[in-house]
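Data block below; observations after.
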Amino acid sequence: MPDIKPNLQLETIRCLPKGICSWNFNLSGEAFAADVAFNLMSEQGQILLDGLVFEVVKPTMFDGHWKLEYKDQEVASASKTTALLRVFEVSSVEAVFSVRPAFAMSNSFLIEQDGVVMGRIVPDHMFTRRATIHMDHEMQPHHVAFAFWLTVLMRRRAAQS
């Protein structure tokens, strides 16, 4: 496991796209800074967190499974529960949690663990890619960044269809 900061404290994290049409983001908070990026033609990408590079890998093109890797070692994985819903089950050694829309057809997502809302990812308004992450409970920073990456994936898919 990489040497990363302990659990992210209760915090508000700003998520700003790197350009007007970009799906890549800068995330910043009081004790949190990350860059989230997508590969151009795939559902893979990178998360740069406190100088550490995490890779988001999709092992096969047609399944709903992604891995978060650090130095070629899996630190978390996410699976879509069904093709019809925008719900992810994320698991790692430290935690198991879900990322799901706050309600049907919403671009706001909840990060839930054992039925408790750990945080909320909320667009600033419906006509922007800017968003805010409101952390209600402590979580590992790479889990928060991965959850945000998954929500952007869903918004990116919707925009492309």
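Worth saying up front: this structure is predicted, and the values here are computed from it rather than measured. We count residues from 1, following the sequence as given.
One hydrophobic cluster, built from ILVMFWY side chains closer than 4.5 Å, holds both M139 and I133. Follow the hydrophobic side-chain contacts under 4.5 Å out from Y70 and you reach V56 in the same cluster. Under the 4.5 Å side-chain heavy-atom criterion for ILVMFWY residues, no single connected hydrophobic cluster contains both W23 and V57.
Shown here is Q160, whose CD atom has more than 12 heavy atoms of other residues, nucleotides or ligands within 6.0 Å.
Scanning for salt bridge (charged side-chain N to carboxylate O under 4.0 Å, His left out) contacts around R129 gives an empty result, with sequence neighbours left out. For R155, the salt bridge (charged side-chain N to carboxylate O under 4.0 Å, His left out) test picks out no residue, with sequence neighbours left out. In this view, K58 and E43 satisfy the salt bridge (charged side-chain N to carboxylate O under 4.0 Å, His left out) rule, not counting sequence neighbours.
A donor-acceptor pair under 3.5 Å is formed between the side chain of N24 and the backbone N or O of F38. Between the side chain of E11 and the backbone N or O of E30, at least one donor-acceptor pair lies under 3.5 Å.
In this structure the side chain of V75 never reaches within 4.5 angstrom of the side chain of S92, judged on heavy atoms. Within the 4.5 Å cutoff, no side-chain heavy atoms of D35 are placed close to those of F25. For the pair Q44 and E55, the minimum side-chain heavy-atom distance is 4.5 Å or more. Counting heavy atoms from C-beta outward, H142 and L68 have side chains that approach closer than 4.5 Å. A heavy-atom distance below 4.5 Å is found between the side chains of P141 and F32. Put simply, the side chain of V122 reaches to within 4.5 Å of the side chain of H134, judged on heavy atoms. In this structure, I111 and I121 have side chains that are in contact, with non-hydrogen atoms separated by less than 4.5 Å. Side-chain contact between R156 and T151 is absent, with no heavy atoms from C-beta onward closer than 4.5 Å.
Between the side chains of T132 and R14, at least one donor N or O sits under 3.5 Å from an acceptor N or O. Side-chain atoms of H65 and S77 include no donor-acceptor pair closer than 3.5 Å. Using modelled atom types, one finds a donor on one side chain and an acceptor on the other under 3.5 Å when comparing N39 with Q46.
Here the shortest heavy-atom pairing between S108 and P123 reads OG-CD, 3.5 Å. Contact record, A78 with V90: CB-CG2, 3.9 Å, taken as the closest heavy-atom pair. When all heavy atoms of S106 and R86 are compared, the closest pair comes out as O-NH2, 2.7 Å. Nearest heavy atom pair, residue V87 against residue P101, reads CG2-CD, 4.2 Å. Taking every heavy atom of both residues into account, S98 and E89 meet most closely at CB-OE2, 3.6 Å.
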* Might you work through the side chain to side chain contact (heavy atoms under 4.5 Å, CB included) test for M135 and V144, ending with a clear yes or no? => CA-CA 9 Å; M135 294 306 303; V144 175; 3.9 Å; yes
* **R130/H125 under side chain to side chain contact (heavy atoms under 4.5 Å, CB included): CA gap, chis, key distance, verdict** => CA-CA 8 Å; R130 290 186 311 253; H125 58 79; 3.7 Å; yes
* Begin with the C-alpha distance, continue with both residues' side-chain angles, and end with the deciding distance and a verdict on side chain to side chain contact (heavy atoms under 4.5 Å, CB included) for V152 and V36. => CA-CA 9 Å; V152 174; V36 173; 5.6 Å; no
* Taking it one step at a time, do R100 and E112 satisfy side chain to side chain contact (heavy atoms under 4.5 Å, CB included)? -> CA-CA 8 Å; R100 66 172 187 82; E112 290 184 333; 2.9 Å; yes
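Taking NZ of K80 as the reference point, atom CG of L153 lies at 8.5 Å (rounded to 0.5 Å). We find the CE-CG distance between M118 and D136 to be 9.0 Å, quoted to the nearest 0.5 Å. To the nearest 0.5 angstrom, D63 atom CG is 3.0 Å from T60 atom OG1.
With H143 as the fixed residue, the ring pair (Phe, Tyr, Trp, His ring centres under 6.0 Å) test singles out one of F54, F97, F148: F97. The ring pair (Phe, Tyr, Trp, His ring centres under 6.0 Å) test with F88 singles out one residue from W149, F146, F109, W66, and that residue is W66.
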